[in-house]
Amino acid sequence: MNQNKPVAVVTGGARGIGEAVARRLAHEGFAVAVLDLDAEAAEPVVAAIRETGQSAVAVGVDVTDEVSVEAAIAQVEKELGPPIVLVNNAGITRDDLLHKLNAESWDTVLAVHLRGAFLVSRAVQRHMTTARWGRIVNLSSVSALGNRGQANYSAAKAGIQGFTKTLALELGRFGVTVNAVAPGFIVTDMTRATAERVGLTFDEFTERAIREVPVQRAGQPEDVASAVAYFVREDASYVSGQVLYVAGGPRS
Ligand code: NAP
């Protein structure tokens, strides 16, 4: 089925940015494992990729669960082959101002973003070091620079940047690059949920966000997928440990 195409894993690939990244990597010639909490939710993305003649599989995983992650990566290896590209994209928000933020929301957000990226990277890196080639791209955010109501999320996304730079130092000698993409406002279910939380319609929320964006438009998942596609290219092999803000302006 795979015809020996290089294999990429995208976590949280069932929708939003992860879906756009999965489709883009398939377009770039990768066989793509679309990982998400619910494998069934990832099936439409897999079907769309297969319609273009590329290979893809849907795999259920909870990135915070060590056993689940090991099983998912073993399944990817069995069904598509050893993965050599990983995009740590799975994410959640549990926003609140500090005085209202409960410990469970803190732990859950840090677990999905940080523990999740750690567990999946650890499981996949062995295939990359064996191949002596690999690409890891982690999803950070402009919130890493601070965002009201997101103490947990911004801590996680800043943590992702340190994690990225450390992995770049450790894995460079094996031909593995590790970079981060830090999006600004992107139109997905995540930003729809934020609009709801602050009591605005999505149109009002988007309009307000765009006022702060130098290029004067909202970002789309495909904007982020383009940045990911750059980092995984063969000729990006001298670029590692970097954070690329995809925010319609500097924000760093
Ligand atoms: P999204 O539409 O909410 O999609 C996130 C995906 O991750 C969902 O399919 C979700 O599954 C999955 N997921 C959540 N917890 C998981 C877990 N424990 N194990 C496996 N999968 C899990 O989010 P998005 O907006 O596309 O965001 C994607 C990434 O970009 C996130 O890391 C986010 O923090 C980052 N980001 C987004 C924006 C933005 O403006 N949208 C900006 C900066 C950074 P379920 O559907 O089952 O929950």
Side-chain angles (χ1 to χ4, degrees), residues 9-24 33-46 58-69 71-73 86-95 105 107-120 123 137-147 150 152-161 163-164 180-197 202 205-206 208-210 212-213 217-225 227-228 243-248 251-252:
V9 169
V10 181
T11 70
R15 56 192 171 92
I17 292 170
E19 172 177 0
V21 169
R23 286 171 178 257
R24 177 65 189 257
V34 185
L35 272 58
D36 215 286
L37 269 176
D38 177 10
E40 229 171 88
E43 285 296 353
V45 180
V46 166
V59 178
V61 69
D62 177 353
V63 296
T64 68
D65 181 319
E66 195 168 6
V67 175
S68 170
V69 167
I73 299 307
L86 166 64
V87 182
N88 281 309
N89 166 83
I92 57 163
T93 52
R94 294 284 184 276
D95 298 349
S105 295
D107 290 344
T108 307
V109 167
L110 265 77
V112 174
H113 294 276
L114 284 179
R115 182 179 161 90
F118 153 62
L119 289 175
V120 185
V137 183
N138 298 317
L139 266 292
S140 179
S141 165
V142 293
S143 295
L145 306 168
N147 197 21
Q150 289 197 315
N152 50 359
Y153 184 79
S154 59
K157 290 310 199 185
I160 282 289
Q161 297 192 11
F163 177 69
T164 298
V181 176
F185 179 84
I186 307 293
V187 175
T188 69
D189 291 346
M190 187 177 272
T191 38
R192 279 190 190 93
T194 310
E196 216 175 297
R197 178 180 62 82
F202 192 59
F205 186 65
T206 304
R208 192 180 285 192
I210 289 173
E212 307 296 319
V213 178
R217 70 167 175 90
Q220 298 297 329
E222 291 72 21
D223 292 312
V224 182
V228 173
V243 179
L244 179 58
Y245 284 83
V246 179
R251 289 302 299 269
S252 65

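Sequential numbering from 1 along the given sequence is applied to the chain's residues. Counting starts at 1 for both ligands and their atoms, in listed order.
- Checked against a 3.5 angstrom limit, the closest N/O atoms of D36 and ligand 1 fall inside it.
- For the pair E19 and R23, the salt-bridge criterion is met [side-chain N within less than 4.0 Å of a carboxylate O].
- Heavy-atom contacts of P183 reach the following atoms of ligand 1: 42 (C), 43 (C), 44 (C) (cutoff under 4.0 Å).
- For the ring-ring contact (aromatic ring centres under 6.0 Å, His included) test, residues two or more places apart in sequence or in another chain that qualify with F185 are F205.
- For D95, the side-chain hydrogen bond (donor to acceptor under 3.5 Å, both in side chains) partners two or more places apart in sequence, or in a different chain, are Q150, R197.
- The shortest N/O to N/O separation between V63 and ligand 1 falls below 3.5 Å.
- With salt bridges taken as basic N to acidic carboxylate O contacts below 4.0 Å, none links D107 and R94.
- For the ligand labelled ligand 1, residue K157 lies inside the 4.0 Å heavy-atom shell.
- No side-chain donor-acceptor contact under 3.5 Å links S68 and D62.
- Annotation: the span from E222 atom CD to I17 atom CD1 amounts to 10.0 Å, rounded to 0.5 Å.
- Those atoms of ligand 1 that come under 4.0 Å of a heavy atom in V61, given as number and element, are 19 (N), 20 (C).
- The CZ atom of R115 lies 6.0 Å from the CD atom of E66; values are rounded to the nearest 0.5 Å.
- Within the 4.0 Å heavy-atom shell around ligand 1 one does not find G13.
- Across M190, E40, R15, R192, heavy-atom proximity to atom 8 (C) of ligand 1 is greatest for R15.
- Within the structure, ligand 1 lacks A182 among the residues with a heavy atom less than 4.0 angstrom away.
- The shortest N or O to N or O distance between G18 and ligand 1 is not below 3.5 Å.
- By the 3.5 Å distance cut-off applied to N or O atoms, G184 is counted among the residues near ligand 1.
- Summarising the contacts of atom 5 (C) of ligand 1 with G16, G91, A117, P221, the nearest heavy atom is found in G91.
- For ligand 1, none of its N or O atoms has an N or O atom of S141 under 3.5 Å away.
- At least one N or O atom of N89 sits closer than 3.5 Å to an N or O atom of ligand 1.
- At least one heavy atom of I92 lies less than 4.0 angstrom from ligand 1.
- In S140, the part holding a heavy atom less than 4.0 Å from any atom of ligand 1 is the backbone.
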